[in-house]
Participant: 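One structure is given below, represented as structure tokens, and several questions about it will come after.
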2 protein chains.
Amino acid sequence: MPHYERVEKVRLLVVDDDPPIADLVATVARYEGWQAITANSGEEALRLAAEFHPDIVVLDLMLPDVDGFGVLDRLRGAGTMVPVVFLTARDGVADRVAGLTRGGDDYLVKPFAVEELMARLRTVLRRSAGPGFQRSVLRVADLMMDEDTREVRRGDKLLTLTPTEYEVLRYLMRKSPTVLTKAQILDHVWEYGFGGRSNVVELVVSRLRRKLDDTGTPLIHTVRGFGYVIRQAAE
Amino acid sequence: MPHYERVEKVRLLVVDDDPPIADLVATVARYEGWQAITANSGEEALRLAAEFHPDIVVLDLMLPDVDGFGVLDRLRGAGTMVPVVFLTARDGVADRVAGLTRGGDDYLVKPFAVEELMARLRTVLRRSAGPGFQRSVLRVADLMMDEDTREVRRGDKLLTLTPTEYEVLRYLMRKSPTVLTKAQILDHVWEYGFGGRSNVVELVVSRLRRKLDDTGTPLIHTVRGFGYVIRQAAE
DNA sequence: CCGCAGCTGTCAAAAAGCTGTCGTAGATCT
DNA sequence: AGATCTACGACAGCTTTTTGACAGCTGCGG
């Protein structure tokens, strides 16, 4: 039983017959500092899994040859206990997949938001790292976000965020003190293929500010002509 | 996990000729921090038992070679007193098994719910730990659940819960203060293979709330767009 | 002091969640 | 065995929350 440590790069295998999607995921993962490879078919996936020894697998259920379940079976049959996160279309199979989260594996419905996928991968990795895994808590100045309890506090004031607000804030906090463009935020937090041509990001940031900058000094800063950062008052 | 204290890892051997089921159980156990291995036949089970020295065994009755009872006999014949939890199909043999569960053994009918199986394993382990074993009591604020007597109290008011309500509540309490999605609850509390397409979880939560939040402050909180938690209301 | 990026109020549609009602099936009692 | 009771979950109506389009306003930077 491999033991997954944070010290080494996480090894991710992405299996999806749609190359753009597979690449999207792989790219984001690499950007996180992970080592990622992609497979576009079940056979290829099995071959790559055997030689690459991934720590975690993202697996589309609809593959041209062997289907997702088949791949899973054969992975397990080969004695690999590598955790798997499934991707499925909104319809149909979702039910069948649902049963799989039990094992600690997880699943996500297409189209998904990249940050959501990454969050799940991190969670699954954290859990599979064995017992006594610690809570994941993000901090920026006196702002705190507990990813397990979904509790967000500014100082000791508890904040109530909507799902979208939560996701945007998490992304900002994760990347802090890096400045993110609105496009990056849109691409990571909203489902890929989102049609929102309007000012959604500004809108959500505005709402976030009202909730969290109400008390104390502003934490979310606008970088005019570029994007947003969250950090303790800069320069 | 907050409510489970044990210094050494529990060693679990899962014996089932259906690999997905065996893996399911093993994976869930590992997530509890246990050490788990699987066997897909009676012979393999006996071999593994000899070298692995499990603390507890999950044993399917219908095996290709030696049947479950045979495995049990040979285990006992070898002088092992390791407690066994049997898995059986809904029909037939159930009665015979009942007779065989002497001592600390137990059995469960397929398809089972993961949380139910884990609960039984914990109970059997606790009992087999010798005399003066400790009661298992879960507490969240003034809510108390005794897993041995199945007694649930809010303050000193005794609550009467249906089986499903009890299971959902137990799962929530065990994981408290982590927020659980409806899918997680469904997957852990309902039998595997349940095609829950409706709002069962919401329904049970609704009924639970009526029973336990009637007195005092609400304990089960909705995290809109995500799931449910049970915990003392955070300020 | 101008212009444009950014901010925010308003609103309606859609999503998510809650709960009452009811039929079925299994358990329990007589 | 038959009658009765209980638990469960399908379904549907209703309420609340969230979201994003739109549009007008603000204020920064030059």
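These numbers were taken from a predicted model, which means no experiment stands behind them. In what follows, chains carry the letters A, B, and so on, assigned in the order in which the sequence lines appear, proteins first and then strands, with residues in each chain numbered from 1.
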Participant: Please report, rounded to the nearest Å, how far the C1' atom of dA16(C) is from the CG atom of N199(B).
Facilitator: 11 Å
Participant: To the nearest angstrom, how far is R207(B) atom CZ from dG20(C) atom C1'?
Facilitator: 10 Å
Participant: Between I220(A) (CD1) and dG6(C) (C1'), how many Å, whole number?
Facilitator: 14 Å
Participant: Please list, in numerical order, the residues of residues 159-167 of chain A that have a heavy atom closer than 4.0 Å to any atom of DNA chain D.
Facilitator: T162(A), P163(A), T164(A)
Participant: K211(A) NZ to dT17(D) P: how many Å, rounded?
Facilitator: 11 Å
Participant: Take atom CD1 of I185(B) and atom C1' of dG17(C), then tell me their distance rounded to the nearest Å.
Facilitator: 13 Å
Participant: Using whole Å, report how far CG of L180(B) lies from P of dG17(C).
Facilitator: 14 Å
Participant: Please determine, for the side chain of R224(B), which listed nucleotide (dT19(D), dT18(D), dC7(C)) has the closest atom?
Facilitator: dT18(D)
Participant: Whole angstroms only, please: what is the CD-P distance between E202(A) and dA23(D)?
Facilitator: 16 Å
Participant: From the options dC28(D), dG17(C), dG20(D), select the nucleotide whose nearest atom is closest to the side chain of W190(A).
Facilitator: dG20(D)
Participant: Side-chain contact, heavy-atom cut-off 4.5 Å: L117(B) with V85(B)?
Facilitator: yes
Participant: Is a side-chain donor-acceptor pair under 3.5 Å present for S176(A) with R139(A)?
Facilitator: no
Participant: Give R210(A) one of three labels, base, sugar-phosphate or nothing, depending on what nucleic acid heavy atoms sit under 4.0 Å from its own.
Facilitator: sugar-phosphate
Participant: Evaluate the criterion salt bridge (charged side-chain N to carboxylate O under 4.0 Å, His left out) for residue pair D146(A) and R153(A); output intermediate values, then yes/no.
Facilitator: CA-CA 9 Å; D146(A) 185 319; R153(A) 290 179 183 274; over 6 Å; no
Participant: Closest-nucleotide mapping onto DNA chain D: is V204(B) or L203(A) further toward the 5' terminus? I mean the 5' end.
Facilitator: V204(B)
Participant: R170(B) and side chain to side chain donor-acceptor pair (under 3.5 Å): which partner among E147(B), H188(B), E115(B)?
Facilitator: E147(B)
Participant: Would you say the side chains of T160(A) and R224(B) form a donor-acceptor pair under 3.5 Å?
Facilitator: no
Participant: With a 4.0 Å limit, can you tell me whether K182(A) has a side-chain N or O closer than that to the phosphate oxygens OP1/OP2 of dA5(C)?
Facilitator: no
Participant: Could you go through E191(B) and F112(B), starting from their C-alpha distance and side-chain angles, then the distance that decides it, and tell me whether this counts as side-chain contact (heavy atoms from CB on, under 4.5 Å)?
Facilitator: CA-CA 5 Å; E191(B) 299 170 351; F112(B) 51 87; 5.9 Å; no
Participant: Taking the side chain of T222(A) as its heavy atoms from C-beta onward, which of dG9(D), dC7(C), dG20(D) lies nearest to it?
Facilitator: dC7(C)
Participant: Quickly, which of V84(B), L12(B), L13(B), D105(B) forms a side chain to side chain contact (heavy atoms under 4.5 Å, CB included) with I56(B)? Name it, please.
Facilitator: L12(B)
Participant: Roughly, in whole Å, what's the span from CZ in F226(A) to P in dG29(D)?
Facilitator: 16 Å
